[in-house]
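Before any comments, here is the structure.
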Amino acid sequence: MTPEARHWLNLIHGLPLDRTLKIMNVCGGHERSISLAGLRTVLPRNIEIIPGPGCPVCICPEEDIYQAMRLALDERVLLLAFGDMLQVPVNLPRSQPRSLDAARAAGADIRPIASPMDAVAIAREHPEREVVFFAAGFETTMAPVAALLGQDLPDNLSLLISGRLTWPAVAMLLESQSCEFDALIAPGHVATIMGTEEWQFVPQRHVLPAAVAGFTPESLLAAIYSCLRQTLEGRSFLDNCYAEVALPDGNPTAQRLLKNAFDVVDANWRGIGILARSGFNPREAHASHDARVRFSDHSRASRRRAGEMPPGCACANVVMGQIYPNQCPLYGRGCTPRNPVGPCMVSDEGACRIWWANGVRSHRETPICPD
């Protein structure tokens, strides 16, 4: 542990905490950093760090994954997707492909890519093929996708968009009281795009302490200390512990790209439901590159499949911060990274996958501090 991280940890241990306090983090990257650094093992026992709805793969609706699979299988399009989408399971009979990986094994041409620009390059390499880029992600991922739509794209390339905004899920949790927490660590990468001011609603409307954090133990511990001190002092404000990167107004260029490319619409979150004005949808000006317009037959209600989590899977409860990953009855039993039942065990940003990768194998463990 660095001297700066030790400094913040000592300050935390010096606080006169007389009750258990729950702090939610809303970023898969934060959860990965917290678990990898073993922060839960060195914090006071009455501080709980709860992973929240910070994994875009985990909340990508089943109908979008199913539509991508059927486009690849039925229309024989060349389907592109970020790699962590390929193993996400869909609730289908075992006789049918139940993921993009399974559809690829069944003969579909499905390829993982690392960047939106890869989609352009592949479409130009295959001008005789219809190429569909299945793009799922939060604001940080959708900004470069928006930049892609602003270019002169190949005629044979279309996008199947499953993008979401982060803050509506937190607002839903606070307004519905479906998850009780005492403070919030706001996502640093999202704040770099949308601005830290976007999270002012947490202290102003809900009177909860909040802090924007980066991804180092130092920044995360500083944010935790700020939240705890605000609680003890009986005041709530938004503290920016990632000021070297995240600015109050964010990145105006990225925001302009998002506004020009997408309308903000009501959208489904797997395991959560429809959240108002929480999704990105290509604007009418980009209809010629919108896969839902180009393959409109696959967007009809009769051809869509809308489901939630698989039977027995508690990923929805994990996403909403109601339970820890290893409290799911399938965790480490029927559900492992080699054989994921729910989406939270698939992505590197999924809380279940993160906990498993950091050594948690039973219902009694917490993430292990590395040597």
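Side chains are part of it too, since the values below use all heavy atoms of this structure and drop only hydrogens, waters and symmetry mates.
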Minimal non-hydrogen separation, [X] against [Y], with atom names:
X    : Y    : result
I161 : D64  : O-OD2, 4.3 Å
L238 : P203 : N-CG, 3.8 Å
A246 : N240 : O-ND2, 2.8 Å
L275 : M172 : CD2-CG, 3.7 Å

Inset, instruction - Check the pair D109 / R129 against salt bridge (Lys or Arg N to Asp or Glu O under 4.0 Å), numbers first and verdict last. - result: CA-CA 11 Å; D109 192 350; R129 300 281 305 277; 3.2 Å; yes
Under 3.5 Å, is there a donor on one side chain and an acceptor on the other for [X] and [Y]?
X    : Y    : value
S226 : D239 : yes
N358 : S35  : no
S278 : W269 : yes
E48  : T20  : no
N25  : E31  : yes

Legend entry - Inter-residue atom distance F181.CZ - L173.CG, 0.5 Å rounding: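 Spacing of CZ (F181) from CG (L173) equals 6.0 Å.
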Inset, instruction - Starting from the C-alpha separation in whole Å, work towards a yes-or-no answer on salt bridge (Lys or Arg N to Asp or Glu O under 4.0 Å) for R294 and D155. - result: CA-CA 11 Å; R294 184 173 292 194; D155 292 339; over 6 Å; no
Inset, instruction - Can you run down the ring-ring contact (aromatic ring centres under 6.0 Å, His included) pairs that involve residues 102-129, sequence neighbours left out, and say none if there aren't any? - result: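 Qualifying pairs: none.
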Legend entry - Check: W355 ring centroid to Y324 ring centroid under 6.0 Å: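 When the ring centroids of W355 and Y324 are compared, they turn out to be within the sub-6.0 Å range.
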Legend entry - Near-ring test F138/H189, centroid separation under 6.0 angstrom: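 No, they do not, as the ring centres are separated by 6.0 Å or more.
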Legend entry - Worked check of salt bridge (Lys or Arg N to Asp or Glu O under 4.0 Å) between D263 and R283: CA-CA 6 Å; D263 291 321; R283 298 184 70 124; 3.7 Å; yes
Legend entry - R76 with D74: basic N within carboxylate O range, under 4.0 Å: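 Here R76 does not pair with D74 in a salt bridge, since their nearest N and O are not under 4.0 Å apart.
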Within the 4.5 Å heavy-atom criterion, are [X] and [Y] side-chain neighbours or not?
X    : Y    : answer
F201 : L174 : yes
D348 : I354 : no
P217 : T2   : no
C27  : V190 : no
L149 : L159 : yes
I49  : L43  : yes

Legend entry - Non-neighbouring partners of R32 that pass side chain to side chain donor-acceptor pair (under 3.5 Å), sequence neighbours left out: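 Partners of R32 by the side chain to side chain donor-acceptor pair (under 3.5 Å) criterion come out as none, since no residue qualifies.
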Inset, instruction - Give me the ring orientation class for F215 and Y242: parallel if the planes are under 30° apart, tilted from 30 to 60°, perpendicular past 60°. - result: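 Because their plane-to-plane angle is over 60°, the rings of F215 and Y242 count as perpendicular.
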